[in-house]
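Note that the structure is a prediction, hence the values are computed from the model and not measured. Order of listing sets the numbers, starting from 1, for every ligand and every atom in it.
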Amino acid sequence: MILDGKTLSKKILEEIKVEVEKLDKKPHLAVILVGDDPASRIYVNNKKKTALNIGINSTIIELPKDTEESVLIEYIQRLNNDDDITGILVQMPLPKHINKDNVVCAIDPKKDVDCFTPENVGKLALGMKPYFYPVTPQGILIMLDYYNIPIEGQHVVVIGRSNIVGKPMVQMLLQRNATVTICHSHTKNLDDIIKTADIIISAVGKKVVRCKMVKYKSVLVDVGISRDTNGKLTGDLNFSDFNDINEILDFVEAFSPVPGGVGPMTIASLMLNTLCLEHTRILSRIAKSSFE
Ligand code: GUN
């Protein structure tokens, strides 16, 4: 089975659009982009385009790469105090001279659609309800639920320990009663650990998972994005030992492709967060209706 995040995200975005139309006051997402990283610019423009398509207001604040940390924090404080702004996203990575921890701490947790602030991350770790769940892990879980892939009691191996994906993914999986192993660049015998996984979630940006080596009928979720030698977008899953797609589909239970898997789900998940503070209520309703 292919975990088709592209189609599922479209369904979710359509549902959000219907909800947004009913609102007198539209959500308004502010995105701050510091510097001129081309990949970040593409991501930010995609977020804006998606928001506009579904009736969510969005403003991109572009700041030069030599912007001082204090100036960036002033922008954030202005957005915190602006009642029209419902969500704030500071695109990462930031230029090296800026301390990202100070920036993250400046965001109002009630507008922290990324779930980056200590309050929201702390709540997540304590099993309490954060104002928002982290977008990529949330998008992955929505996708696994949609395809009826069980999580409770499953051994999930998460590869990558970033604050954006790996660490919050582990917290959300624990909340769902999975047995979780987290691997990273210092992990010994990664292949041996991978072999024991029911579900593998890889967020590295390199071809680290040789799919012929995984357990038969495991579920593979690819969060990695890199470019191959021909400049084509590719993920962490290495399928080169297989002859064709049918052989892959016979061997694994399911996998998410790159592009068209986790990427679109992350944007849909961000839009869900931007829709409303009571995101979980709306999420479950949207989930139910779009999961029918
Ligand atoms: N850079 C790469 N992914 C993300 C994300 O999910 N949120 C933010 N703010 N920056 C990113």
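In terms of N/O distances under 3.5 Å, ligand 1 is not approached by Val135.
For the pair Lys100 and Phe116, the cation-pi test (distance below 6.0 Å, angle within 45°) is failed.
For atom 4 (C) of ligand 1, the closest heavy atom belonging to the protein is Ile164 CD1, 3.9 Å. Nearest protein heavy-atom contact of atom 8 (C) of ligand 1 is Asp114 OD2, 3.5 Å. Looking only at heavy atoms of the protein, atom 1 (N) of ligand 1 is closest to Met92 O, 2.9 Å. The nearest protein atom to atom 11 (C) of ligand 1, hydrogens excluded, is given as Gln91 NE2, 3.4 Å; this is a heavy-atom distance.
For the residue pair Lys47/Ser58, the side-chain donor-acceptor check at 3.5 Å is not satisfied.
Linking ILVMFWY residues whenever their side-chain heavy atoms come closer than 4.5 Å, directly or via other members, leaves Ile225 and Leu237 in distinct clusters.
Heavy-atom contacts of Leu89 reach the following atoms of ligand 1: 9 (N) (cutoff under 4.0 Å). Close approach of ligand 1 to Phe116 is summarised as follows: ligand atoms under 4.0 Å from at least one heavy atom of the residue are 7 (N), 8 (C), 9 (N).
Counted within 6.0 Å of OH on Tyr75, heavy atoms from surrounding residues, nucleotides or ligands total 12 or fewer; the atom is thus considered open.
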Subject >> Chi angles and distances behind the side chain to side chain contact (heavy atoms under 4.5 Å, CB included) call for Thr179, Asp198 >> reply: CA-CA 10 Å; Thr179 301; Asp198 301 306; over 6 Å; no
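A donor-acceptor pair under 3.5 Å is formed between the side chain of Ser218 and the backbone N or O of Lys215. Side chain of Asn189 to main chain of Asp192: no donor-acceptor pair is present (N/O by atom type, distance under 3.5 Å, no hydrogens or angles).
Contacts of Thr266 with ligand 1, taken as heavy-atom pairs under 4.0 Å, are absent altogether.
At least one heavy atom of Val90 sits less than 4.0 Å from an atom of ligand 1.
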